[in-house]
Amino acid sequence: RELGPIENNSVGVEEPKKEVRTIFIEADEDHVAMQDGTNKQVRLIYVHEGKKLKSKGRYQLKNPRYFTGQYRNSEDLWIEVADYLEEAYNLEKVDNIYLSGDGAKWIKEGLNWIDNSKYVLDYFHLSKYVKKATAHLSYTTPILWNYINKRDDKSVKDLFDIIINETESETKRKAVKESKRYIFNNWEGIMNRYEDDYVGCSAEGHVSHILSDRLSSRPLGWSEIGADQMARLRVDSFNGGNIYKIMKEKKEENAKKERILELDERVIKRRLKI
């Protein structure tokens, strides 16, 4: 707490503007338990340049940069991302910017701030809603995937109508209708998954590794300030920051303020004597 707010740009951009063809932005949130019994969202956005093979079956993001914080308006967080892109990249040379997420309103808000960006629905949530719609009629699962992969929205709609008609339970029918609505509300984002230079989305895993591992994987209760501060410290560390350096700089800043206050106090006392 004594460190004060850790800004997402505390680790500066030292390299000249990079020229890349494709930029990937991924976003998701952690749900953190508060001390008053409620849950609050702590959001995570990160930018990278694709993936590289680290070992068999394991990939690593190229030059990732992370952003977090509890903001009243998601626009404030997206403005920080947009400012970073402007500072780090020659955007005139970029062909595609993919923004991936689960379809949440706050994530799609990024399209308004990141010029020429395309929304992509991540595979994790698409798969979740396909399963939700077809689990009780398992023979329809591969059929639905086949139509989605063929980008045949008419056949997807017709199959959903058949599933709804074949579903007896009202509760399950409601779940199928919800899945249909979700998929068609995100249809453009689903289609963008099939572009040649899109590499997928790993937001669920990154939220788990960066935020949940410290904030929500164990039964803890946070204050809003504490959760925000811890999330920022985690992100700063993953961005290559040095917490001890921040602490040292903060102490030096506080010591400087104390010396100024002492000097002001001596000046005031001298003047009062006069």
Side-chain angles (χ1 to χ4, degrees), residues 3 5-13 22-34 39-71 74 77-78 80-81 84-85 88 97-104 106-108 110 114 119-128 131 189 193 198-247:
L3 290 175
I6 307 298
E7 300 299 333
N8 285 310
N9 63 358
S10 64
V11 178
V13 177
T22 308
I23 294 174
F24 302 90
I25 305 171
E26 301 173 21
D28 203 354
E29 69 277 336
D30 190 18
H31 296 271
V32 179
M34 297 288 109
N39 278 278
K40 296 284 187 181
Q41 286 188 0
V42 178
R43 294 165 176 171
L44 178 71
I45 301 172
Y46 56 98
V47 176
H48 63 94
E49 298 162 16
K51 300 176 181 179
K52 57 185 176 183
L53 186 64
K54 186 176 182 182
S55 60
K56 186 177 180 180
R58 294 186 63 191
Y59 290 85
Q60 186 177 42
L61 299 184
K62 296 178 183 177
N63 301 317
R65 181 74 174 214
Y66 302 92
F67 302 82
T68 193
Q70 291 195 43
Y71 294 82
S74 59
L77 185 54
W78 281 114
E80 292 186 9
V81 176
Y84 167 75
L85 291 174
I97 300 177
Y98 294 106
L99 169 54
S100 302
D102 62 5
W106 79 267
I107 296 177
K108 287 185 174 181
I114 311 300
Y119 178 71
V120 185
L121 179 67
D122 71 80
Y123 177 80
F124 177 87
H125 286 88
L126 174 58
S127 180
K128 174 183 173 182
K131 183 177 181 180
R193 290 182 61 250
Y198 182 68
V199 298
C201 174
S202 55
E204 288 283 328
H206 278 81
V207 166
S208 176
H209 184 52
I210 295 173
L211 297 183
S212 304
D213 188 54
R214 182 63 179 85
L215 291 171
S216 62
S217 62
R218 291 176 289 278
L220 303 172
W222 294 87
S223 67
E224 287 195 30
I225 295 174
D228 181 75
Q229 183 76 338
M230 181 55 69
R232 288 174 178 275
L233 287 169
R234 295 280 291 180
V235 159
D236 185 80
S237 177
F238 277 90
N239 282 337
N242 187 318
I243 303 303
Y244 297 104
K245 181 182 177 183
I246 295 174
M247 292 175 66

- Among V42, T68, L215, V32, the one residue meeting side-chain contact (heavy atoms from CB on, under 4.5 Å) with M230: L215
- Item | Q41 vs H31 side-chain heavy atoms within contact, under 4.5 Å | yes
- Closest non-hydrogen atom pair, L53 against R58: CD1-O, 3.4 Å
- Item | Smallest separation among heavy atoms of D28 and A203, with atom names | CB-CB, 3.9 Å
- Note on the structure: Heavy atoms of E26 and G200 approach each other most closely as OE2-O, 3.4 Å
- H48/R65 under side chain to side chain contact (heavy atoms under 4.5 Å, CB included): CA gap, chis, key distance, verdict: CA-CA 7 Å; H48 63 94; R65 181 74 174 214; over 6 Å; no
- Check whether any side-chain N or O of S100 sits under 3.5 Å from a backbone N or O of D122 as a donor-acceptor pair, and report yes or no. no
- Query: So, does H206 use its side chain to make a donor-acceptor pair with the main chain of S202 at under 3.5 Å?
  - Reply: yes
- Taking all non-hydrogen atoms of both residues, which atom of G103 and which atom of K108 are closest, and how far apart? O-CE, 3.8 Å
- Message: Please give me the minimum heavy-atom distance between A27 and I45, naming the atom from each residue.
- Response: CB-CG1, 3.9 Å
- Message: Any non-hydrogen side-chain atom of I107 less than 4.5 Å from a side-chain atom of Y119?
- Response: yes
- Note on the structure: The residue among D236, N242, V235 that forms side-chain contact (heavy atoms from CB on, under 4.5 Å) with V11 is D236
- Task: Give the intermediate values and the outcome of side chain to side chain contact (heavy atoms under 4.5 Å, CB included) for residues L220 and R214.
- Result: CA-CA 9 Å; L220 303 172; R214 182 63 179 85; 3.9 Å; yes
- Message: Could you measure the distance from the CG atom of N39 to the OG atom of S216? Nearest 0.5 Å is fine.
- Response: 9.0 Å
- Item | Nearest-0.5 Å distance, CZ of residue R218 to CG of residue D213 | 6.0 Å
- Note on the structure: For residues 221-235, the side chain to side chain donor-acceptor pair (under 3.5 Å) pairs (sequence neighbours left out) are R1-S223, Y71-R232, D228-R232
- Item | Spacing of CD1 belonging to I23 relative to CG belonging to L85, to within rounding of 0.5 Å | 5.5 Å
- Message: Between Y84 and Y66 (side chain of the first, backbone of the second, donor and acceptor by atom type, cut-off under 3.5 Å), is there such a pair?
- Response: no
- Can you tell me if CD1 on I243 sees more than 12 non-hydrogen neighbours from other groups inside 6.0 Å? yes
- How far does CZ of F24 sit from CD1 of I97, to the nearest 0.5 angstrom? 11.0 Å
- Message: Please check this pair: side chain of D102 against backbone of A104, looking for a donor-acceptor N/O pair closer than 3.5 Å.
- Response: yes
- Query: For I25 and V47, what are the C-alpha separation, side-chain angles and deciding distance, and is it a side chain to side chain contact (heavy atoms under 4.5 Å, CB included)?
  - Reply: CA-CA 5 Å; I25 305 171; V47 176; 4.1 Å; yes
- Query: Looking at side-chain heavy atoms only, is the closest gap between K51 and L61 below 4.5 Å?
  - Reply: yes
- Message: Between D30 (side chain only) and S208 (backbone N and O only), is there a donor and an acceptor less than 3.5 Å apart?
- Response: no
- Item | Between CG on residue L44 and CG on residue L211, distance to nearest 0.5 Å | 5.0 Å
- Message: Measuring from atom NZ of K54 to atom CD of Q60, what distance do you get when rounded to the nearest 0.5 angstrom?
- Response: 5.0 Å
- Say whether, by atom type as modelled, one donor and one acceptor occur between the side chain of E80 and the main chain of N9 under 3.5 angstrom. no
- Message: Please determine whether side chain to side chain contact (heavy atoms under 4.5 Å, CB included) holds for the pair F67 and W78, giving the CA-CA distance in whole Å, both sets of side-chain angles, and the decisive distance to 0.1 Å.
- Response: CA-CA 9 Å; F67 302 82; W78 281 114; over 6 Å; no
- Would you say the ring centroid of Y46 lies under 6.0 angstrom from that of F238? no
- Above 12 or not: heavy atoms from other molecules or residues under 6.0 Å from NZ of K40? no
- Message: For R193 versus Y123, what's the shortest heavy-atom pair and its separation?
- Response: NH2-CD1, 3.3 Å
